[in-house]
Amino acid sequence: RGAPGTQMALAADPFMPFTVYPFGQTPAAATPSEHSQYGLHWSFNAGRTWDGPLTAGPVGKTIAPGRHGFLAVAADPSLYGSGGLFMATGRGLYRWFGLPFAGGGAEPLLELPTSDPGAIVATAVGPRAKNPIAIVVNRGIEAPDQSLQVSLDLGKSWTVRNPYPHPFFVDDLLYVDDLLFVK
């Protein structure tokens, strides 16, 4: 059965069978054609019923649903306290501590100021507690000027680690063990 809203990302929990997390957006009541509220839904029964949403970040401009890497799940169940679910909107990165049924809320790890014209276009989280979080921020649409930013302390500080000395375009990030792949 379909989850409510428009979904941008989908993840399965590697240690909880039949648990699925869609992350997306629903139109904001004030301006439904231009702005959306971002939220996470979850199902413990392979999508037969849905719970949620847990909202993440402020209402923002609608993002094309074809984006990749806007949701990451900790691969080790012992990491839910220090890992958890990571959700990215176009303007921020948020982490949900604990399991869905444990309550709590989404904590902001990075929010781009409204004066920043850039947008987050991809994110990836390493599978271990000490692995970094990586995001790509797009600073332009006509002529992309992107930066790859990495946090080694779960979002407390961010450094730029650009792989090329020239402008580049990234549309997906993926961690495999301790290696970060940039497409």
Side-chain angles (χ1 to χ4, degrees), residues 3 7-25 38-43 52 54 56-57 63-100 102 104-112 118-139 144-183:
Q7 303 307 316
M8 300 181 309
L10 182 67
D13 194 303
F15 289 93
M16 293 175 48
F18 306 108
T19 301
V20 181
Y21 304 99
F23 179 67
Q25 49 197 2
Y38 302 95
L40 179 77
H41 288 86
W42 57 93
S43 173
L54 169 80
I63 296 176
R67 285 280 180 222
H68 296 268
F70 270 42
L71 179 64
V73 182
D76 182 340
S78 68
L79 298 182
Y80 279 111
S82 62
L85 293 157
F86 295 81
M87 302 160 281
T89 70
R91 306 294 303 161
L93 179 67
Y94 305 88
R95 180 171 66 163
W96 189 11
F97 292 98
L99 297 169
E107 177 201 23
L109 298 181
L110 173 71
E111 289 184 325
L112 299 177
I120 297 172
V121 297
T123 185
V125 178
R128 296 173 188 39
K130 298 298 182 190
N131 277 5
I133 303 168
I135 63 168
V136 173
V137 178
N138 188 9
R139 302 274 180 219
D145 177 19
Q146 295 186 333
S147 65
L148 175 63
Q149 298 182 29
V150 176
S151 175
L152 301 175
D153 54 11
L154 291 175
K156 293 182 183 77
S157 62
W158 295 87
T159 58
V160 174
R161 295 197 176 167
N162 288 340
Y164 305 110
H166 53 79
F168 58 93
F169 183 79
V170 173
D171 67 354
D172 209 356
L173 299 170
L174 174 69
Y175 266 103
V176 177
D177 292 323
D178 295 329
L179 298 175
L180 175 65
F181 289 82
V182 180
K183 174 180 168 278

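Shown here for Val125 and Tyr175, the closest heavy-atom pair between the two residues is C-CD1, 3.3 Å. Among all heavy-atom pairs drawn from Gln146 and Val121, the shortest one is NE2-CG2, 3.8 Å. The minimum heavy-atom distance between Leu93 and Ala88, with the atom names listed, is CD1-CB, 4.0 Å.
Applying the side-chain hydrogen bond (donor to acceptor under 3.5 Å, both in side chains) test to Thr159 and every residue at least two apart in sequence or in another chain returns nothing.
Between Leu180 and Leu173 there is a side-chain heavy-atom pair separated by less than 4.5 Å. Using a 4.5 Å cut-off on side-chain heavy atoms (C-beta onward), Met87 and Leu54 make contact. Side-chain contact between Leu110 and Ile133 is absent, with no heavy atoms from C-beta onward closer than 4.5 Å. Put simply, the side chain of Leu85 reaches to within 4.5 Å of the side chain of Tyr21, judged on heavy atoms.
For the atom pair OG1 of Thr123 and CG of Leu174, the computed distance is 11.5 Å after rounding to the nearest 0.5 Å. The structure places CH2 of Trp96 at 5.5 Å from CG of Leu40, a figure rounded to the nearest 0.5 Å. Within the model, atoms CD1 of Ile120 and CD of Gln149 stand 8.0 Å from one another, a figure rounded to the nearest 0.5 Å.
Remark: the backbone N or O of Arg91 is paired with a side-chain donor or acceptor of Thr89 at under 3.5 angstrom. Panel note: side chain Ser151, backbone Ser157; a donor-acceptor pair is recorded below 3.5 Å.
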Original post:
Is there a side chain to side chain contact (heavy atoms under 4.5 Å, CB included) between Tyr94 and Phe23 once you walk through the steps?
Top reply: CA-CA 12 Å; Tyr94 305 88; Phe23 179 67; over 6 Å; no
**OP:** For side chain to side chain contact (heavy atoms under 4.5 Å, CB included), just list the numbers for Trp158 and Ile135, CA-CA rounded to whole Å, side-chain angles, deciding distance to a tenth of an Å, and then say yes or no.
**Re:** CA-CA 10 Å; Trp158 295 87; Ile135 63 168; 4.0 Å; yes
Original post:
Where do Val182 and Leu148 land on the side chain to side chain contact (heavy atoms under 4.5 Å, CB included) test, with the steps shown first?
Top reply: CA-CA 9 Å; Val182 180; Leu148 175 63; 4.2 Å; yes
